[in-house]
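Everything below concerns the one structure shown next.
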Amino acid sequence: MSITANISAIKKEIGTSNVKLIAVSKTKPVESILEAYEAGHRLFGENMVQELVEKHEKLPKDIEWHLIGHLQTNKVKYLAPFINLIHSVDSLKLIQEINKQALKNNRVIDCLLQLEITDEETKFGMDMAEAIEFLRSNEFQELKNIRICGVMGIATLTDNPEMTAEEFYELKTFFNGLKDTFFRKDPAFKEISMGMSGDYKLAIEKGSTLIRLGSTIFGVRQTKTK
Ligand SMILES: *Cc1c(COP(=O)(O)O)cnc(C)c1O
């Protein structure tokens, strides 16, 4: 199927729910992004800063760009002028730098806290205790140019749907706990970024508001990415 047909099929599945589709265009050429753009899609995700910046330069400026991969503090400055949402905040040091660069650009940058929902040690993200400590810290509370809009998680790569369901449930539970404790009066804290090509239907069932789909839209990737 074409990119256009894939997007329209997924949007039909999502229906009128408040789930938003992020088209993950990493490793794909600008032509592919333009095809999705021509079909009316505006929300794209990339996991590498340099690739995201290059695509942003070449493509129409009403595209909403999301960073979904790990972010190094020394690269924040390249994204700060235009990024719409950073999904991968997992340390105080990183968010302090995002705040600093946002201030320089006279804007507020929206962020998600990346939470660890797997037992693997390799993945980035905070556990619940670290997230609570982070949100309680004075250093965090001083920051005025960032806004926390919710949480993000990456499930274990497995073909066991029960395990995936359990991890998604955990992320939703973490979200609810943080919402009640820190963001009860903050309507901006509402996003749960979970679900990729292999597990997005389950993610929607479990309360996702942002699904991140690459291969389902653009086909399999040639180059291996993290
Ligand atoms: C690559 C990637 C995706 C999309 O993966 P697909 O399986 O192709 O849908 C989603 N989220 C993150 C964090 C990714 O790195």
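Both ligands and their constituent atoms are indexed starting at 1 by order of listing. Just so you know, these numbers use all the heavy atoms, side chains as well, and skip hydrogens, waters and symmetry mates.
- Considering backbone and side-chain N/O of G214, one or more are found under 3.5 Å from N/O of ligand 1.
- In this structure, a donor-acceptor pair under 3.5 Å is absent between the side chains of Q72 and H70.
- Put simply, part of L213 is less than 4.0 Å from ligand 1, judged by heavy atoms.
- Annotation for ligand 1: atoms under 4.0 Å from non-hydrogen atoms of K26 are 1 (C), 2 (C), 3 (C), 14 (C), 15 (O).
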Between L52 and I83, is a side-chain contact (heavy atoms from CB on, under 4.5 Å) present by the stated rule, with each step listed? CA-CA 9 Å; L52 194 161; I83 196 77; 3.9 Å; yes

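- With 3.5 Å as the limit, one finds a donor-acceptor pair spanning the side chains of E191 and T209.
- The closest approach between a heavy atom of R221 and any atom of ligand 1 is below 4.0 Å.
- The backbone N or O of W65 lies less than 3.5 Å from a partner atom in the side chain of N84, making a donor-acceptor pair.
- Of all atoms in ligand 1, listed by their number and element, those nearer than 4.0 Å to a heavy atom of I154 are 13 (C).
- Side-chain polar atoms of T156 and E167 form a donor-acceptor pair below 3.5 angstrom.
- Using a 4.0 Å cut-off between a side-chain N of Lys or Arg and a carboxylate O of Asp or Glu, E51 and K26 do not qualify as a salt bridge.
- Of all atoms in ligand 1, listed by their number and element, those nearer than 4.0 Å to a heavy atom of R212 are 4 (C), 9 (O), 10 (C), 11 (N), 12 (C), 13 (C).
- Annotation for ligand 1: atoms under 4.0 Å from non-hydrogen atoms of S197 are 6 (P), 7 (O), 8 (O), 9 (O).
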